[in-house]
J.: 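Input: one structure, supplied below.
Index from 1, following the sequence. Since the structure is predicted, the reported quantities are computational estimates derived from the model, not experimental observations.
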Amino acid sequence: MIRYLEAPNYENIRDDESVVFLAGPITGAPNWQPEVTNLLKQYSESNYVIANPRRQETTSGYFNDYEFSEQVDWEIKHLQYADQKGAILFWFPKEEFSVPTRDYAQTSRFELGYFVRNNPYIFIGIESGFPGERYIKYMLPKYRDFLPIIVDNLDELCRKTAYFMDATFK
């Protein structure tokens, strides 16, 4: 059974559980995480935790100072879980709305840059029209000995991630 965990909830992750972290833009992005969660549940037979950093109560992604620290700490902790035992699923959808004071997907791009160098279990989906799509696809092979899986739709991204989780952590 797949367990779902959403920020800022800190339910314990057991030693025998693996984690799929849903990495990708929140601010300015469509709410893509529920679809990914449903697809992973549909395609997977394994037991693991889906860690979703998008809080239900916010659509803007803006936080006061306390919420910001709480959010970033939650993401770091759950990215580390997925990095150690699991996978990081990156989805880069087209921007839904622009936020004048923030570059679209700035945090997600930073996380991709960090984890692509250090974690072989990364699955990347980039929707056609995502700003920077061409650059990301060109640069990733230059930072790794092997290219992580890159697809252009959520269904295939979730199928590949679920297959990996079933084959590795069943």
Side-chain angles (χ1 to χ4, degrees), residues 1-61 63 67 70-94 96 105 107-127 130 136 140 144 146-170:
M1 183 175 100
I2 292 177
R3 197 159 60 93
Y4 177 80
L5 185 60
E6 181 178 286
N9 188 344
Y10 266 101
E11 288 180 29
N12 288 332
I13 294 178
R14 300 184 313 265
D15 290 339
D16 65 334
E17 288 183 302
S18 52
V19 175
V20 172
F21 186 91
L22 305 185
I26 294 173
T27 304
N31 189 4
W32 55 270
Q33 292 85 352
E35 185 177 356
V36 168
T37 299
N38 290 335
L39 288 169
L40 288 174
K41 287 179 178 180
Q42 177 183 339
Y43 296 140
S44 190
E45 299 173 4
S46 296
N47 296 322
Y48 54 86
V49 176
I50 295 173
N52 180 5
R54 180 178 230 142
R55 299 169 181 229
Q56 278 188 359
E57 72 270 8
T58 184
T59 56
S60 70
F63 303 106
E67 291 169 331
E70 178 186 55
Q71 180 72 22
V72 173
D73 290 345
W74 188 96
E75 290 183 26
I76 290 168
K77 181 178 181 95
H78 292 85
L79 275 163
Q80 288 172 338
Y81 279 131
D83 187 42
Q84 293 164 5
K85 188 177 179 186
I88 302 171
L89 179 154
F90 280 93
W91 176 242
F92 292 98
K94 291 186 289 192
E96 187 171 68
T107 302
S108 302
R109 292 171 196 249
F110 175 85
E111 291 167 344
L112 177 64
Y114 177 81
F115 285 102
V116 78
R117 294 189 68 155
N118 299 300
N119 184 322
Y121 307 123
I122 291 179
F123 299 86
I124 303 166
I126 305 174
E127 185 177 23
F130 174 81
I136 292 170
L140 283 180
R144 295 186 64 135
F146 63 94
L147 184 62
I149 293 173
I150 302 175
V151 299
D152 63 4
N153 67 77
L154 277 179
D155 188 76
E156 187 177 0
L157 178 64
C158 293
R159 282 182 190 271
K160 291 186 181 302
T161 305
Y163 176 80
F164 166 80
M165 295 301 289
D166 288 349
T168 309
F169 297 108
K170 197 168 194 180

J.: Of all the heavy-atom pairs spanning V19 and A51, show the shortest one and how long it is.
T.: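 Nearest pair, atom of V19 first, then A51: CG1-CB, 4.0 Å.
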
J.: More than 12 heavy atoms of other residues, nucleotides or ligands under 6.0 Å from OH of Y10: yes or no?
T.: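 Yes - once you tally the heavy atoms of other residues, nucleotides and ligands closer than 6.0 Å, there are more than 12.
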
J.: In terms of side-chain geometry, is the basic nitrogen of E11 or R3 positioned less than 4.0 Å from the acidic oxygen of its partner?
T.: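 Salt bridge: yes.
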
J.: Roughly how far apart are Y48 OH and L40 CG, rounded to 0.5 Å?
T.: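 Y48 atom OH to L40 atom CG measures 4.5 Å (nearest 0.5 Å).
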
J.: Does some side-chain heavy atom of I122 sit less than 4.5 Å from a side-chain heavy atom of I124?
T.: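 Yes - at least one pair of side-chain heavy atoms lies under 4.5 Å apart.
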
J.: Going by heavy atoms in the side chains, are L22 and W32 under 4.5 Å from each other?
T.: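 They are in contact (side-chain heavy atoms under 4.5 Å apart), so the answer is yes.
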
J.: Do L112 and F92 come close enough that some side-chain heavy atom pair is under 4.5 Å?
T.: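 Answer yes - side chains close enough.
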
J.: State, with a plain yes or no, whether a side-chain heavy atom of M165 is found less than 4.5 Å away from one of E45.
T.: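 No, every pair of side-chain atoms sits at 4.5 Å or beyond.
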
J.: Flag the pair F123 / F164 as yes when their ring centroid distance falls below 6.0 Å, and as no otherwise.
T.: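 Yes: the rings meet the under 6.0 Å criterion.
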
J.: Can you name the closest pair of heavy atoms from F130 and P93 and give their distance?
T.: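 The answer is CD1-O, 3.1 Å.
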
J.: V151 versus K160: any side-chain heavy-atom pair under 4.5 Å?
T.: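 Result yes, sub-4.5 Å side-chain heavy-atom pair found.
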
J.: Are I150 and I126 side-chain neighbours, meaning at least one heavy-atom pair lies under 4.5 Å?
T.: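 Answer yes - side chains close enough.
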
J.: May I ask you to decide whether R159 forms a salt bridge with D155, counting only side-chain N to carboxylate O separations under 4.0 Å?
T.: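 Salt bridge present between R159 and D155.
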
J.: Would you call R55 and E6 a salt bridge, taking side-chain N to carboxylate O under 4.0 Å as the test?
T.: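 E6 and R55: not salt-bridged.
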
J.: Considering all heavy atoms of both residues, which atom of G125 and which atom of L157 are nearest to each other, and what is their separation?
T.: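 Smallest heavy-atom distance, with atoms named: N-CD1, 3.7 Å.
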
